[in-house]
Amino acid sequence: MAAHDGLRFDCGRVCLDLAATATGTRAERLAGPQELRAWLVGAGLVPQGTPLDGVDGRWLGRFRALGELLSRVVHDELRGRAADADLALLNSAAGAGRPPAAYAVRTADGALARRLPGPPDCAGLLAAVARDAIGLLTDAAARRQLRQCEGARCTLVYLDTSRGRRRRWCSSEVCGNRERVARHRRRTTVRRAPDAVAGQQPAPAAGNYSAGR
């Protein structure tokens, strides 16, 4: 799923969704507090309608830093092992705050909805994401589902829960579609090349000008 100016929520875990916003994956998607607010709601960290007036540049810097940390740790774990210093930072983030507890409340139409008792704090939300990453990286079964997108120049990592574990791209609509378009263009180019050669006229033989005299 994509939302609000290219924010992505299709990596399968909230920690991977935050890593997908980091620089080094593509462009920095958390461009300002407005994008961070949209990301917090889209990722499901806070319910729709939660007061987020406190989200400012300080929040933005801390979430960007955690996103870059998660990107490093996840990619390093895919290749081998993450640096001890990065794991220490991840553990510190996980213990630095208390994730907000949501309550079930009855809405006007009788349905149940999630609500927070008050505005969330930055450290608590960062801790929720960090704990999700620790849960993912320490779960052997989940780790086996981690994949890096095969799209050209895409470094996003996602959780492959597809049947047969054959998912190749972070998004079929984004990188998958780009690959299909590129494959179609390559096939079209290959088909056109023989036609272009067959349509060429042979060059006249050198010195064969007697008929014109």
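Sequence positions, counted from 1, serve as the residue numbers for this chain.
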**Student:** Would you mind reporting whether Leu18 and Trp39 have side-chain heavy atoms less than 4.5 Å apart?
**Tutor:**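 With C-beta onward as the side chain, the pair touches.
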**Student:** What's the separation between atom CD1 in Ile134 and atom SG in Cys15, rounded to the nearest 0.5 Å?
**Tutor:**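 Reported value, rounded in 0.5 Å steps: 10.0 Å.
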**Student:** Per the side-chain hydrogen bond (donor to acceptor under 3.5 Å, both in side chains) rule, what does the pair list look like for residues 93-109, sequence neighbours excluded?
**Tutor:**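 Listed by first then second residue: Thr107-Asp109.
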**Student:** Just to verify, what does Arg143 make a side chain to side chain donor-acceptor pair (under 3.5 Å) with, not counting sequence neighbours?
**Tutor:**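 Checked Arg143 against side chain to side chain donor-acceptor pair (under 3.5 Å); matches are Glu77.
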**Student:** Can you give me the closest heavy-atom contact between Arg114 and Pro47, atom names plus distance?
**Tutor:**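 Scanning both residues, the minimum pair turns out to be O-CB, 3.3 Å.
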**Student:** Give the C-alpha distance, both sets of side-chain angles, the deciding distance and a yes or no for side chain to side chain contact (heavy atoms under 4.5 Å, CB included) between Thr161 and Gln145.
**Tutor:** CA-CA 7 Å; Thr161 58; Gln145 298 175 345; 3.7 Å; yes
**Student:** Output all residues satisfying salt bridge (Lys or Arg N to Asp or Glu O under 4.0 Å) with Asp121, sequence neighbours left out; order by chain, then residue number.
**Tutor:**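 Testing Asp121 for salt bridge (Lys or Arg N to Asp or Glu O under 4.0 Å), a comparison that skips the adjacent residues, returns none.
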**Student:** Same hydrophobic cluster for Leu90 and Leu125, using side-chain heavy-atom links shorter than 4.5 Å among ILVMFWY?
**Tutor:**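 Yes, same cluster.
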**Student:** Does Trp169 offer a backbone N or O that forms a donor-acceptor pair with the side chain of Arg167 under 3.5 Å?
**Tutor:**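 At least one qualifying donor-acceptor pair exists.
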**Student:** Is the shortest side-chain heavy-atom distance between Cys122 and Phe63 below 4.5 Å?
**Tutor:**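 Yes - at least one pair of side-chain heavy atoms lies under 4.5 Å apart.
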**Student:** Once you round to the nearest 0.5 Å, how far does SG of Cys11 lie from CG of Leu159?
**Tutor:**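 Answer rounded to 0.5 Å: 9.5 Å.
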**Student:** Give a yes or no answer on whether the side chain of Arg13 reaches the backbone of Asp132 with a donor-acceptor pair at less than 3.5 Å.
**Tutor:**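 Yes, because the side chain of Arg13 sits within donor-acceptor range (under 3.5 Å) of the backbone of Asp132.
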**Student:** Any non-hydrogen side-chain atom of Thr155 less than 4.5 Å from a side-chain atom of Cys149?
**Tutor:**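 Result no, sub-4.5 Å side-chain heavy-atom pair not found.
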**Student:** Can you find a heavy atom in the side chain of Pro100 that is under 4.5 Å from one in the side chain of Val46?
**Tutor:**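 No, every pair of side-chain atoms sits at 4.5 Å or beyond.
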**Student:** Taking the side chain as every heavy atom from C-beta outward, state whether Leu136 and Leu146 have any pair of such atoms under 4.5 Å apart.
**Tutor:**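 Sidechains of Leu146 and Leu136: in contact.
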**Student:** First locate atom CG of Leu16, then atom OG of Ser71, and finally report the distance between them rounded to the nearest 0.5 Å.
**Tutor:**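 That separation rounds to 10.0 Å.
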**Student:** Less than 4.5 Å apart, side chain to side chain, heavy atoms only: is that true for Val73 and Leu69?
**Tutor:**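 Yes. Closest side-chain heavy atoms under 4.5 Å.
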**Student:** Taking the side chain from Arg147 and the backbone from Arg168, do they hold a donor-acceptor pair closer than 3.5 Å?
**Tutor:**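 Answer holds: no.
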**Student:** Just jot down the side chain to side chain contact (heavy atoms under 4.5 Å, CB included) partners of Arg166, sequence neighbours excluded, or say none.
**Tutor:**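 For Arg166, no residue satisfies side chain to side chain contact (heavy atoms under 4.5 Å, CB included) once neighbours in sequence are set aside.
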**Student:** Are the charged groups of Asp160 and Arg165 less than 4.0 angstrom apart, N to O?
**Tutor:**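 No.
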**Student:** Are the side chain of Arg8 and the backbone of Asp17 linked by a donor-acceptor contact shorter than 3.5 Å?
**Tutor:**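 Pair absent, no side-chain N/O of Arg8 close to backbone of Asp17.
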**Student:** Is there a chain of hydrophobic side chains (I, L, V, M, F, W, Y, each step under 4.5 Å between heavy atoms) that links Leu7 to Val14?
**Tutor:**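 In one cluster: yes.
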**Student:** Keeping to residues at least two apart or across chains, list the salt bridge (charged side-chain N to carboxylate O under 4.0 Å, His left out) pairs with something in residues 39-60.
**Tutor:**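 Pairs touching residues 39-60 that pass the test: none.
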**Student:** Let me check something: do Val105 and Leu116 share a hydrophobic cluster, defined by ILVMFWY side-chain heavy atoms less than 4.5 Å apart, either directly or through other members?
**Tutor:**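 No, Val105 and Leu116 fall in different hydrophobic clusters.
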**Student:** Could you check whether any side-chain N or O of Asn91 sits under 3.5 Å from a backbone N or O of Leu87, counting only pairs where one atom can act as donor and the other as acceptor?
**Tutor:**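 Answer holds: yes.
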**Student:** Do Val41 and Leu52 make a side-chain contact, defined as non-hydrogen atoms from C-beta onward lying under 4.5 Å apart?
**Tutor:**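 Sidechains of Leu52 and Val41: in contact.
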**Student:** Side-chain heavy atoms under 4.5 angstrom apart, residues restricted to Ile, Leu, Val, Met, Phe, Trp, Tyr: same cluster for Leu70 and Tyr158?
**Tutor:**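 No; tracing contacts between hydrophobic side chains, which count when under 4.5 Å, never links both residues.
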**Student:** Hey, does Pro99 have a side-chain heavy atom less than 4.5 Å from the side chain of Arg131?
**Tutor:**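 In contact.
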**Student:** With rounding to the nearest 0.5 angstrom, report the CZ to CG distance, Arg144 to Asp139.
**Tutor:**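 Going from CZ on Arg144 over to CG on Asp139, the span is 8.5 Å.
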**Student:** My understanding is that only residues two or more places apart in sequence, or in another chain, count here; which of them pass side chain to side chain donor-acceptor pair (under 3.5 Å) with Gln148?
**Tutor:**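 Result, side chain to side chain donor-acceptor pair (under 3.5 Å) vs Gln148: none returned.
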**Student:** Transitively linked via ILVMFWY side-chain contacts under 4.5 Å: Leu126 with Leu30?
**Tutor:**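 Result: yes, single cluster for both.
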